[in-house]
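Note: hydrogens, waters and symmetry copies are ignored here, and every other heavy atom, side chains too, is used. Given the structure is predicted, the values throughout are model-derived calculations rather than measurements.
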Amino acid sequence: MNISMATIADIFAWTVRMFFQLDMIVVGMAAAILLHFVLQFRIARARRLQIRELEEDMEDLRAVDSAIRSALEDTKRKVAEVAFAIAQKSDAQERRMAGELQILESLVRGLASNMEQNAEQALLPRLAGPNAAEQPEVAMLEIIRCALEGNRVDLYLQPVVSLPQRKLRFYEALSRLRSEDGSIIMPAQYIRIAAPAGLMSVVDNLLLFRCVQVVRRLTQRHRDVGVFCNISGHTLTDTEFFPQFLDFMHHHRDLAGQIIFEFSQDCVLAASAPEEANLRYLANLGFRLSMDQVTKLDLDFAKLKRLGFQFLKVRATTLISGMKDAGAAVAAEDLKNLLSRNGISLIAERVEDEKTVVQLLDYNVDFGQGYLFGEPRAIREIAEANDPRAAPIPPTAKVLPEGLARRLAG
C-alpha cells in the first residue's frame with residue numbers, strides 16, 4: 001500500500017510541475033499534503049469497515065445470546081414439566097401400590113372368611129380328641145396359622161437362564177413359610193395340612209399378589225426379565241376368588257410382558273370348561289402361561305397353544321432317560337421342534353451339574369433351571385444384591401381374620 005501511495009504522489013508532483021511550472025518545494029509539499037489526505041481517507045474507510053464488522057459481530061452475538069436464553073428457558077420449562085410428570089408418576093405408583101394392597105387385603109380377607117367353615121368341617125373334627133394337641137398335624141396347623149397371622153409367607157426367586165448362553169431371562173417365584181423361630185417350612189411340609197383345612201388358597205393368593213408387587217420393582221431396572229408365578233389348582237378352581245383375580249389382572253395388563261402364570265400338569269388336565277375359559281382370558285390379556293410338574297408328554301400341544309401356554313417345564317432326567325416312561329411320541333431331540341411348531345418354549349428344570357447341561361444342548365433346549373444356575377433366594381437378598389440402597393419389599397397387611405385364627409387355634 002505504501003509503494004502505491006508513493007507512486008501516486010510522485011505522479012502528482014511530476015504532473016503539477018509540468019503543467020504549472022511550480023517550485024520543487026511547493027510541489028513536494030502539495031504531494032505530501034495529498035498523500036496525507038489519501039492516507040487519512042483510507043484509514044477512515046478501514047475504521048468504518050471495522051466498525052461495521054464489529055456491529056455485525058455484535059448483532060450475531062446478540063442473536064446467539066437471545067437463542068441461548070430462549071433455549072435455557074425452554075430447557076427450564078421442560079425440566080419443570082419432567083419433574084412434574086415424575087412427581088405425578090411417583091404419586092400414581094404409590095396410589096397404585098396402596099390400591100393393590102387394599103385389593104389384596106380385601107380379597108384374601110373375604111376368601112379366608114369364606115373358608116372358616118371349611119376349615120372347621122374339613123380338618124379340625126378329624127384332629128379332635130384327647131391327644132389332639134400332641135398330633136404332628138395339629139402342630140403344623142398351628143405353625144401355618146401363626147405364619148399367616150404374622151405375615152411370614154416369604155417369596156423366593158430362582159433364576160431361569162437361556163441355553164447355551166446362560167443369560168438370566170426369568171425368575172420363578174416360590175413360597176416359603178417361616179415359623180416363629182425363623183425355621184423355613186417347605187411347601188411339601190405344609191401343603192398336605194393347609195389344603196384340607198382350606199388354607200392353601202390363602203397362601204397362594206398372598207404369594208400371587210406379592211409376586212405382582214415384586215415384579216413391579218424388579219422390572220423398573222430390568223424390563224427384559226420375567227417372573228413365573230405359580231398358581232395352584234385350588235386357586236384356579238376357586239369360584240369366589242379367581243374371577244376377582246382376573247378382573248384385577250385386567251386392570252394391570254401393563255405387567256403382561258413380565259409375569260408368566262404357571263400351572264401344574266394335573267391342574268391343567270383336570271380343568272373344566274369354565275376353568276379353561278379363564279386360562280384363555282388370561283392369555284387374551286397378554287399374559288403367557290406355563291405348565292410345570294410334567295410327568296406325561298403324550299399331550300395335545302395344539303390345545304395347549306389354544307389355551308395360551310407358551311412354556312413347558314420338563315425335568316432334565318425325563319429328557320435324558322425318561323421319554324419312553326413319560327409316553328412321549330417323539331425322541332428327546334425332536335421334542336423341541338414339536339413344541340416350536342405350537343409356539344411353546346422348552347425349559348429343562350432340576351439341572352444340577354455340567355454333564356446334564358452338555359446332554360441337554362443336544363436337544364436344543366431353550367432354557368434351563370436348577371441349582372447349577374442358582375438356588376432359590378429370598379427376594380430381599382436379591383433386591384439388596386442388585387441395589388444395596390433399595391428399599392425392602394413392603395410387608396402385606398395382616399390378612400387372616402380373627403375368627404378363622406380362633407377356630408384354627410381350637
Side-chain angles (χ1 to χ4, degrees), residues 50-107 155 157 159-162 165 167-171 173 208-229 245-261 281-288 310 377-397:
Q50 289 178 344
I51 291 172
R52 184 180 301 170
E53 291 176 356
L54 287 174
E55 289 177 348
E56 291 177 353
D57 290 343
M58 288 297 294
E59 287 296 328
D60 292 342
L61 288 174
R62 280 191 285 268
V64 171
D65 178 68
S66 177
I68 292 175
R69 289 176 180 274
S70 176
L72 183 60
E73 291 298 324
D74 188 55
T75 300
K76 288 181 179 180
R77 178 180 58 78
K78 290 181 178 179
V79 169
E81 291 176 354
V82 170
F84 180 72
I86 291 175
Q88 280 191 321
K89 183 177 180 181
S90 177
D91 291 341
Q93 288 179 338
E94 290 180 2
R95 289 194 299 270
R96 181 176 58 192
M97 292 292 288
E100 289 176 3
L101 288 175
Q102 291 173 358
I103 292 174
L104 167 61
E105 183 173 356
S106 174
L107 291 179
L155 184 66
L157 300 179
V160 179
V161 302
S162 61
Q165 300 88 357
K167 179 183 178 181
L168 175 66
R169 294 299 305 277
F170 308 99
Y171 285 109
L208 184 62
F209 282 91
R210 183 165 293 176
C211 184
V212 169
Q213 297 170 354
V214 168
V215 164
R216 290 200 183 279
R217 288 179 174 269
L218 286 179
T219 56
Q220 286 178 355
R221 304 178 66 181
H222 305 286
R223 293 287 298 180
D224 58 338
V225 176
V227 175
F228 286 90
C229 189
F245 161 71
L246 292 177
D247 183 65
F248 178 82
M249 299 317 302
H250 175 81
H251 291 90
H252 293 78
R253 295 189 300 275
D254 59 304
L255 297 175
Q258 284 73 52
I259 291 183
I260 304 99
F261 291 111
Y281 183 82
L282 268 180
N284 290 335
L285 289 178
F287 292 96
R288 293 170 289 177
Q310 297 186 31
R377 296 172 58 192
I379 179 59
R380 290 178 178 83
E381 297 176 13
I382 296 176
E384 292 171 359
N386 290 336
D387 186 357
R389 299 168 300 175
I393 301 299
T396 307

Subject >> From Asp60 atom CG to Glu55 atom CD, the distance as rounded to the nearest 0.5 Å >> reply: 12.0 Å

Original post:
In terms of ring plane angle, is the pair Phe261 and Phe245 parallel, tilted or perpendicular, where the classes change at 30° and 60°?
Top reply: perpendicular

Original post:
Do the charged groups of Arg62 and Asp65 touch, with an N to O distance under 4.0 Å?
Top reply: no

Subject >> Rounded distance [0.5 Å steps], CZ in Arg288 versus CD1 in Ile259 >> reply: 10.5 Å

Subject >> More than 12 heavy atoms of other groups within 6.0 Å of Arg52 CZ >> reply: no

**OP:** Taking all heavy atoms of Leu246 and all of Leu285, pick out the closest pair and write down the distance.
**Re:** O-CD1, 4.2 Å

Original post:
Arg169 side chain to Val160 main-chain N or O, any donor-acceptor pair under 3.5 Å?
Top reply: no

**OP:** Take Thr75 and Lys78, measure what side-chain contact (heavy atoms from CB on, under 4.5 Å) needs, and give me the verdict at the end.
**Re:** CA-CA 5 Å; Thr75 300; Lys78 290 181 178 179; 5.7 Å; no

Subject >> Least distance between heavy atoms, Leu157 atom then Ala173 atom >> reply: CD2-CA, 3.7 Å

Original post:
Going from CG on Leu54 to CD on Glu59, what distance comes out if it is rounded to the nearest 0.5 angstrom?
Top reply: 12.0 Å

Subject >> Shortest non-hydrogen separation from Arg253 to Phe287 and the atoms involved >> reply: CA-CZ, 4.3 Å

**OP:** Hey, could you give me the OH/CE distance between Tyr281 and Met249, rounded to the nearest 0.5 Å?
**Re:** 11.0 Å

Original post:
So, Ser70 side chain and Ser66 main chain: donor-acceptor pair closer than 3.5 Å or not?
Top reply: no

